[in-house]
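It should be emphasised that the depicted structure is a prediction, and the values quoted were computed from it without experimental measurement. Starting from 1, each residue takes its place in the sequence as its number.
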Amino acid sequence: MVEGEIEKYGIYKNKFLSAKPGLTGYWQVNGRSNTTYEERIKMELYYIDNKSLLLDMKIFFKTFISVIKKEGAI
């Protein structure tokens, strides 16, 4: 995330920054470049509010499917 992008999170900036980045993410497996930036923000914040081992496992396995199908990649 570059400095100019973080300002788009507005009042949720600190909440977003509270989550450590990982290998993959909720946004990456749910649309990626096929979404608007506003949708990306909502997805990232959804993950922060709902993080759990089960959600992480779903994201992990969906990552492989997305890569194989080349979904959302420009």
- Message: As an exercise, state the distance from CZ of Arg40 to CD of Glu5, rounded to the nearest 0.5 Å.
- Response: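 Between Arg40 CZ and Glu5 CD, I get 5.5 Å after rounding to 0.5 Å.
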
- Rounded to the nearest 0.5 Å, how far apart are CD1 of Ile48 and CG of Leu17?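 Spacing of CD1 (Ile48) from CG (Leu17) equals 8.5 Å.
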
- Item | Side-chain heavy-atom pair Thr63, Gln28 within 4.5 angstrom cut-off |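 Sidechains of Gln28 and Thr63: no contact.
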
- Pairs in or reaching into residues 11-38: which pass ring-ring contact (aromatic ring centres under 6.0 Å, His included), with residues at least two apart or in two chains?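 Those involving residues 11-38 are Tyr9-Phe16, Tyr26-Tyr46.
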
- Query: Would you call the rings of Phe64 and Phe60 parallel, tilted or perpendicular if under 30° counts as parallel and over 60° as perpendicular?
  - Reply: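 Correct class here is perpendicular.
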
- side chain to side chain donor-acceptor pair (under 3.5 Å): pairs with one or both residues in residues 52-62, sequence neighbours excluded: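 Found Asn30-Lys62, Tyr47-Asp56.
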
- Task: List the atom of Thr24, the atom of Val29, and the distance in Å for their closest heavy-atom pair.
- Result: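 Minimum heavy-atom separation between Thr24 and Val29: OG1-CG1, 4.0 Å.
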
- Query: Hey, is NZ on Lys15 packed in by over 12 heavy atoms from elsewhere, all under 6.0 Å?
  - Reply: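 Yes.
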
